[in-house]
Amino acid sequence: MSFPTSLRAAVPLVFFALVLLLPQLGVPPFWITLLSYVGLYSIVALGLVLLTGVAGLTSFGQAAFVGIGAYTTAYLTTQYALSPWIGLLAGVAITGVSALLIGAVTMRISGHYLPLSTIAWGLSLYYLFGNLEVLGKHDGLGGIPSIWLGSVEFSNGPSMYVLIWIVAILALLSVQNFLNSRAGRAVRALKFGQVMPEAMGVDTARMKIVIFVYAAILAGISGWLYAHLQHAVNPTPFGLKYGIDYLLMVVVGGAGYVWGALLGAGLITLLGNFLQEWLPGVLGTGGNFEAVVFGIALVIFLQYANEGLWPFIQARLGNRSPVRAPDDAPALAHASKPAAGEVILEVEAARKQFGGLVAVNDVSFSVKAGEVVGLIGPNGAGKSTTFNLVTGVLSITSGRVDYRGKSIAGLSSREIASRGIARTFQHVRLVPGMTVLENAAMGAFRRGDFSPQGGILAGILRANRKEEAKILAEARRQLERVGLGDMLYRQAGSLALGQQRILEIARALCCDPALLLLDEPAAGLRLKEKQALSALLAKLRGEGMAVLLVEHDMDFVMQLTDHIVVMEFGTKIAEGTPAQIQVHPAVLEAYLGGAQ
Ligand code: ADP
Ligand code: MG
């Protein structure tokens, strides 16, 4: 069974309405309380979806941020009789600042050390709560007042339930909006490495801190609600065990999906409650046996179903309709382009040494607007290294790289991208689960209406609609330009390799470049795909684009390029037109002579 598309869009609305109306439908208080907790946990889990599921940054420490939110409001409302709303503002501020400080240090840590560090600060904060005299040590703080809104008091179970779920729904919408924004697309790419987003102009280190703070603030808000639901706080629910439970919720529910957070929070809460009552009876002795069951479940899910359960439900519901490009929208601002024939890239005596090895030995060449230049040479000649010097992936040892008359040596790939140099990758780097349109739109990251930082809040609040329309229209325009106009809404991962390479070119074109750098664009392509690629590059050249390509395939290079630079052992051994290169003695020697 699956829903007709017209009804599919109404499913979330019906769900929200049903959830908010439950207390009116005569659901017993026990269930309302339990579902309040599901709401509280969902808010935290939504942050983890962003952090862990989408960006690939595992955190065991979210419970500690819940604690900061809860203790802040508990302290301010009981010790100073301040309003819970002040408690909320202060809680969000303190959680945000703590996350900023912790994130600035830990988000630079890679691999398994990041999760380990989250355990470390999760534990430290937990012990801090339990040992501070002003926070009541292990007894915590009691007598926390109810939240008031005008003359309405959120005093009892059902009223708090409704408030909690309103916040949970808003949290879900905020995360969903964010993920569909320019910054959100960048975050969705983080899991696949930093090189590609950096080359699109994304400050990946800053972006990681942003989502870390975002996730922490959601946790802090959950803590605020918790404190005013319970009217008391103590350190226990903010310890490492709960940090692990939150992670379990998103892993079981589906870490990559916002709805996975709600599903996981629901399942784990209900299952935990059931196991807590049932297991001691079966085993004949008391204890927290559900922790053991959860531990086993976590391992099983990570091993066999790391997408979680949500995809199964989504398959039943039918897929959401993809984000669409508007039919027409104002164009994004364009940078001025050089006149045809103008030298735009000048590499002068560029040198790169890796220890004693000279990978690029004082190489010089230039590229003009409206020209395709090929960089060829046997394996290990230094082509990729030269490419990386121009794109800022490697730092230059000595020599100059000038783009449109200005030095770009020593700039990061992010800064180079914003100057107007766009690139594709030898091994295609796309976000496979994103549509063709969204992948291409990533190239326009630097071209939005807002600054990349200002755009984040606008994205969360959906104040970015005009910007999104322009960006998506640009992505569609570039996709049509390269001939992928009829595949806008396919998943990038489902395309053939040749199409993926062309999609990378469309993404690069969305950067509004005057120079395109392509690393082995023809590798692995079938003949037809090569011909299509070659025709596309010739067309771009005709439009005034400068193209520098590193390539192995001789036929491809000879029939496409205007100018060829040949390297061997790090040194430029020849340079000229394809006709000149084909008969150049040093080139023939390098390719045919010697050991070959
Ligand atoms: P090509 O792309 O022409 O096949 P590369 O530019 O990848 O050649 O490599 C040129 C030389 O530099 C090779 O000898 C390679 O082993 C060496 N090299 C490339 N990258 C590094 C690195 N990061 N560290 C040390 N040596 C490297
Ligand atoms: Mg190479």
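Atom set for the values below is all heavy atoms of this structure, side chains included, hydrogens, waters and symmetry mates excluded. In listed order, ligands and their atoms are each counted from 1.
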- Steps toward salt bridge (Lys or Arg N to Asp or Glu O under 4.0 Å) verdict (E468, R182): CA-CA 7 Å; E468 274 295 289; R182 177 168 55 130; over 6 Å; no
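- Going from atom CD of E575 over to atom OG of S364 covers 8.5 Å, rounded to the nearest 0.5 Å.
- Annotation: G382 places an N or O atom under 3.5 Å from an N or O atom of ligand 1; distance criterion only.
- Shown here, atom 18 (N) of ligand 1 is in close reach of the protein: a heavy atom of it lies under 4.0 Å off.
- For atom 12 (O) of ligand 1, the closest heavy atom belonging to the protein is A359 CB, 3.3 Å.
- With contacts defined as side-chain heavy-atom distances shorter than 4.5 Å, the pair F301/N306 does not qualify.
- Looking at L357 next to ligand 1, no N or O pair under 3.5 Å apart turns up.
- Judged by a 6.0 Å distance limit and a 45° cone about the ring axis, R324 is positioned over the six-membered ring of Y489.
- Within a 6.0 Å sphere centred on NE2 of H334, other residues, nucleotides and ligands contribute more than 12 heavy atoms.
- Considering backbone and side-chain N/O atoms, G380 comes within less than 3.5 Å of an N/O atom of ligand 1.
- The shell of residues lying under 4.0 angstrom from ligand 1, judged by heavy atoms, excludes G377.
- Taking the charged nitrogens against the carboxylate oxygens, E415 and R419 have no contact shorter than 4.0 Å, which rules out a salt bridge.
- The CE atom of M442 sits 9.5 Å away from the CZ atom of R188 when rounded to the nearest 0.5 Å.
- To the nearest 0.5 Å, the span separating OG on S534 from CG on L525 amounts to 11.0 Å.
- The Mg ion (ligand 2) has S384 OG as its protein N, O or S neighbours under 2.8 Å.
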